[in-house]
Colleague: 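Quick one: structure below, then a few questions.
Indexing begins at 1, ligand by ligand and atom by atom, following the structure's order. Keep in mind the model is a prediction, meaning the values are calculated, not measured. Atoms considered below: every heavy atom in the structure, side chains included; atoms not considered: hydrogens, waters and symmetry mates.
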Amino acid sequence: MSKKTYSALLFIFILITSCVQNDSTDTASKTAVIEETSTQKREVPFEVSIDEVKDYVPDITVVIPHDKAFKEEMTFLGFSLNSLIDSLVADLENTDNLQATFVCTDGYKPSIPLSEVAKHEGYITYQKSREQLKVWADSIKERIPPYYVTWKTDTLNQDLINPYGVTSLRIEMIGFNYDKILPAKVKEDSLLSKGFKLYEKMCMKCHAINQEGGVLGPELNVPQNITEYRSKDFFFSFIKSPMSYRYNSKMPPIPLPDEKLGLIYDYLEAMKEFKVLEED
Ligand code: HEC
């Protein structure tokens with residue numbers, strides 16, 4: 001190769017690489033800007049306000065053919081729950097055993113495992129128009145904003161949670177802080193642990209034990225355990241029909257067979273030996 005051709009080639013090579021360089025530094029700086037805001041190093045558990053993270057993912061208009069709460073086809077403005085969670089956990093090495101917990105204005109705190117979210121198409125929506133609020137009962141329509149979570153499914157899926165009044169999202173271990181609500185010495189397959197699992201599934205999003213859990217309903221263990229001031233009969237009958245005690249009760253009737261309610265009762269009663277009260 002002559003010296004001339006060599007320098008010409010070298011020149012072209014430098015030209016090309018510098019273009020590529022330029023191009024990539026350009027995109028790199030763009031991604032860096034996005035990354036600065038969207039994927040800060042986070043450690044589990046963490047909580048983000050939806051207002052603060054909603055710009056990580058683009059807004060879209062989504063048609064929900066089967067909305068559990070509205071009971072009809074709905075069109076919302078919102079953004080993908082899956083994409084938001086993906087961006088929040090992008091830096092985490094292991095997302096097994098993590099759950100998303102939605103913190104709501106009324107104290108409701110339902111959770112769903114990330115593995116479950118990944119199997120569906122979820123959306124965090126805000127209302128498109130006041131019109132849509134008409135279908136809600138007066139008692140709750142003021143509480144739907146700021147965000148309502150819904151899912152795009154082929155058929156109505158009753159198992160998915162549809163929290164409204166959502167303000168923030170927590171990513172935490174499934175079982176986060178469970179030591180406070182299930183003493184470590186309780187055997188995995190014991191009756192107490194069965195009672196706990198029922199409580200966890202049916203009651204914990206609204207009730208707390210040792211201040212861990214939801215706050216819509218009353219705390220059930222501290223300073224007094226519910227079984228220390230309520231009879232077993234009251235417990236059974238109240239849970240089956242809270243409205244027959246208080247006409248405006250915010251607790252829904254929970255149709256569980258006596259055998260299962262008994263397991264929950266036993267778990268709650270046992271917890272009186274494990275009180276943890278942190279005064280602020
Ligand atoms: C959707 C939220 C919600 C769920 C789920 C829920 N509760 Fe409640 N619970 C409440 C609220 C709110 C109250 C206060 C009731 C009222 O104002 O009448 C309450 C009240 C109670 C009381 C009566 C306390 C008292 O002394 O008056 C008991 C006992 C109770 N709940 C147990 C349970 C158990 C056990 C479960 C699960 C099987 C459960 N709750 C599920 C919201 C809930």
Colleague: Tell me, please, which residues at least two apart from Y199 pass ring-ring contact (aromatic ring centres under 6.0 Å, His included).
Modeller: Y267
Colleague: Under a 4.0 Å N-O cut-off, is there an ion pair linking K119 with E116?
Modeller: yes
Colleague: Taking atom 8 (Fe) of ligand 1 as the center, what protein N, O or S atoms are found at less than 2.8 Å?
Modeller: H207 NE2, M251 SD
Colleague: Would you say the side-chain atoms of Q99 and E172 include a donor-acceptor pair closer than 3.5 Å?
Modeller: yes
Colleague: For Y148 together with Y123, are the ring centres under 6.0 Å from each other?
Modeller: no
Colleague: Of all residues at least two apart in sequence or in a different chain, which pass the salt bridge (charged side-chain N to carboxylate O under 4.0 Å, His left out) check with D59?
Modeller: none
Colleague: Tell me, which protein residue and heavy-atom name are nearest atom 26 (O) of ligand 1, and how many Å apart are they?
Modeller: R230 NE, 2.7 Å
Colleague: How long is the gap from CZ on F79 to CG on D55, to the nearest 0.5 Å?
Modeller: 8.5 Å
Colleague: Measure the distance from atom 12 (C) of ligand 1 to every protein heavy atom, then report the residue, atom name and distance (to 0.1 Å) of the closest one.
Modeller: L216 O, 3.5 Å
Colleague: Are K275 and E228 within salt-bridge range, i.e. N to O under 4.0 Å?
Modeller: yes
Colleague: Would D258 and K240 pass as an ion pair if we require N to O under 4.0 Å?
Modeller: yes
Colleague: Counting only pairs under 3.5 Å, give me each side-chain donor-acceptor contact of residues 151-161, with atom names and distances, residues two or more places apart or in other chains.
Modeller:
unit_1	atom_1	unit_2	atom_2	d
W151	NE1	I161	O	2.7
T153	OG1	T155	O	2.8
N157	OD1	D159	N	2.9

Colleague: Looking only at heavy atoms, is any part of I226 under 4.0 Å from ligand 1, and if so is it the side chain, the backbone, or both, or is it neither?
Modeller: side chain
Colleague: I need the nearest protein heavy-atom contact for atom 15 (C) of ligand 1: residue, atom name and distance, please.
Modeller: S249 OG, 3.4 Å
Colleague: Return the closest protein heavy atom for atom 27 (O) of ligand 1 as residue, atom name and distance.
Modeller: R246 NH2, 2.9 Å
Colleague: Got a second to check how far E269's CD is from T227's OG1, nearest 0.5 Å?
Modeller: 4.5 Å
Colleague: Heavy-atom distances under 4.0 Å are what count here, so tell me which part of Y199 touches ligand 1: side chain, backbone, both or neither.
Modeller: neither
Colleague: In the protein, what heavy atom is nearest to atom 5 (C) of ligand 1, and what distance, to one decimal place, separates them?
Modeller: M202 O, 3.2 Å
Colleague: Only heavy atoms of K250, strictly under 4.0 Å: list the atoms of ligand 1 that pass.
Modeller: 12 (C)
